[in-house]
Amino acid sequence: MLKRVFNIVNNQFWADLPNDKQKQLFQLLLIWALVGSAMLLVLISHLFFPGAVLCIICDILLFATSVLSVVCTLNGKNKCAINMVFLIPVFLYGYYISQFSAHLPPIETVHYSMWWLLVGLMLLFFFTKDDIRIVLYFLMSMLFIGFHLYMADHLLDSFTYFQPLVINPFFIFMAVFLPVFYLWRKSKSQLERLGEVLQNQQVSLNRVIQGSAFMIARIAAERDEDGNVVKLTVEKVNNAFESAFKINLYEVQGQEADYVFNLIFKGKLDINKTLLFNRRRTSEFHANHLEKWYKTHVINPGYNLFYLILEDITKTKEKIAELEANKRRYKVLLEAIPDIFFVIDKDGVYEDFVIKESDLFKIEDANIIGSSIFEAGFPDNMANKIYTCIQTCIKTNSIETIEYSLNTPNGTFLFEMRLAKLSSNSVISVARDITKRKTAEFDLEKALRRAEESDRLKSAFLANLSHEIRTPMNIITNFTRMLTDADMPHYERVELTDAITENGKQLVNMIDNTIHLSKIETESIAVNHNFCKINPLVRDVYNAFAPNIPDSKEMQMKLKLDVHNPEFGFSTDPTLLKEALTILVDNAVKYTLTGMITVGYEMVLNDRVKFIVSDTGIGIPKEDYENIFSRFYRIPNSINKSTSGSGIGLSIAQHYIALLGGELQFESKVDKGSEFWFTLPFADGKGYMAVVK
């Protein structure tokens, strides 16, 4: 409420006066307004309700004095309002001593006069800085107290009349005046010194502002009765401001800040938002027409005072933009190199890194910068080794190389790290992904071993082949020569003929396998898909072996056909399919001494055909599983030692089945038998009715 009244009165009467004088005038106005209001009420009460103590003239004069003081205050004459205090003895005389008013005996009112004089003294202490005025009032007050005692006939005996001494009005007034006057003088001298210091600082500040290379404007705020800023006015600008914007102080002094800064920056700087609403005291903006960047700093030293500091940051912005462009250019250059660059300090803490963005790594600055090599996921021994290499690099300026593996969400990768000294406190680490190179080396070494093994097996195969060919050829040659004997009995001639036929088939089979292997290695096998009736094909394979099982083996062959429709079949290469089945059945017959051999097929989920060849033979040891499909490999067992063979049958069958779109699989137990199977797609199938649920 008082603040609103102050704003109204101030804007009406004291707008051009300094702030401190405005506050003093408002305080005087409140005091004299209260005095006037009180005297008006007293005057009315005395007029309408007269009592024993009455001085109408005094009331009227006091009311008039307060009104006059209010008028002086409103006119900005604070000295006039303050000097009214010197009229206090006059009113005290009228109320407590004069003959034209009814009052108590003077001796009973002397203390009243003293207290009212002290009130006036306090007002002078509060509102004036003039020593002479206060001393004059003091002397006048002491004289009036003496006059009051004189009129009471106790001037000469006042020090004996008032017992104890502390109630003597002279003593009380002196006891209050002297310490207060001392403290007032001391505070006044301190305020004067502080004022001089403040003035010197203000002068220094003005010199600093004027000599500053920054553009500075001092802006004053005008507020309404609610404290809201209604106007911002430019009070002063420094030399740098005038020089930068080609504008003189007299052109902007007293002008509205919004108008001045819109004129300079063409609306790019909102001065109201910058000074009043921006919580951040610094901001940046670009003046297009000036082609400059500016940074604003706002200082608010007083309630209605602002300093706006403008800093030309154009060169800084251009330098930053240039550095950013260089950074992007070098980053692109570094990212084009398929290496990872790290900067690591001597304590093993990552300071910076450059990594090509890929699906292999998803690393953010916050995840690596500031972390230690001991926190990056390295094993303890590897982290210690890297730390040792860092110290060696810094001390000896050498280049250290380390190979390590790193687990990522996409698998395990191999890296080669090279460390080189960057400064006395850091090294640069270049990590290269050598996974492909190492994999190629491993594959090459593996291929070399395979080639050596293949070469060894081929050599063994050729040696065995020469033996295998020579044996049936010798039998055929010798037995054929023996058939020329005319005296040979008929049953012996039949036995020789069967032996020649059997060895001839073995020789042809060996030659066929060699031809098949040659075609596989030269990738010259053609796959001809035609509609193939499955039942006749499987039966042909069965018929080729079932009648020729030696009598020495106590075993049987079983044919298992899942679909009995003679038209059942699908699109495949019948030659390759028959050859694969023949090889599997031939092996089953060869390695089975007793029991049962089953050859056949069954439907799987109406869209695939599963071919099965099972036996109750000697089985395959688990340690030979991984080599079972290797070329020229023969499992060391009693049958292979006593029979001939090349060791390429299963390899050929596996390759043929793969060409047909299947995969040859097996299960086997030693002395229990083996089961080989593969499935082929039922492409363009016929003769099979699917059950629809």
Does any N or O in the side chain of [X] come within less than 3.5 Å of the main-chain N or O of [Y], such that one atom is a donor and the other an acceptor?
| X | Y | value |
| --- | --- | --- |
| Trp293 | Lys317 | no |
| Glu256 | Thr233 | no |
| Tyr137 | Leu117 | yes |

Approximate separation, where rounding is to 0.5 Å, of [X] [atom1] and [Y] [atom2]:
| X | Y | atom1 | atom2 | answer |
| --- | --- | --- | --- | --- |
| Leu25 | Thr73 | CG | OG1 | 6.5 Å |
| Ser371 | Ile344 | OG | CD1 | 11.5 Å |
| Phe63 | Leu41 | CZ | CG | 10.0 Å |
| Gln190 | Leu183 | CD | CG | 10.0 Å |
| Leu121 | Met140 | CG | CE | 10.0 Å |
| Ile247 | Phe241 | CD1 | CZ | 6.5 Å |

key: Side-chain donor-acceptor contact under 3.5 Å, Thr314 with Asp312   = yes

inquiry  = Regarding Glu242 and Asn248, do their side chains bring together a donor and an acceptor under 3.5 Å, going by distance alone?
reply    = no

Tell me whether the count of non-hydrogen atoms from other residues, nucleotides or ligands lying under 6.0 Å of [atom1] in [X] goes above 12.
| X | atom1 | value |
| --- | --- | --- |
| Lys23 | NZ | no |
| Ile57 | CD1 | no |
| Phe170 | CZ | yes |
| Trp116 | CH2 | no |

Identify the two heavy atoms, one from [X] and one from [Y], that lie closest to each other, and give their separation to 0.1 Å.
| X | Y | result |
| --- | --- | --- |
| Ile394 | Asn425 | CD1-C, 4.2 Å |
| Pro106 | Met151 | CG-O, 4.2 Å |
| Ile373 | Ala383 | CD1-O, 3.6 Å |
| Leu308 | Leu269 | CD2-CD2, 4.4 Å |
| Ile264 | His289 | O-NE2, 2.9 Å |

ask   = Under 6.0 Å between ring centres, would you say that holds for Phe285 and Phe265?
value = yes

ask   = Which side-chain hydrogen bond (donor to acceptor under 3.5 Å, both in side chains) pairs, counting each pair once, include a residue from residues 26-39, with sequence neighbours left out?
value = none

inquiry  = Ring-plane angle category for Tyr294 and Phe245, please: parallel below 30°, perpendicular beyond 60°, tilted otherwise.
reply    = tilted

task = Report the relative orientation of the aromatic rings in Tyr387 and Phe374; use parallel for angles under 30°, tilted for 30 to 60°, perpendicular for over 60°.
result = tilted

task = Check whether any side-chain heavy atom of Val229 lies under 4.5 Å from a side-chain heavy atom of Phe306, and answer yes or no.
result = no

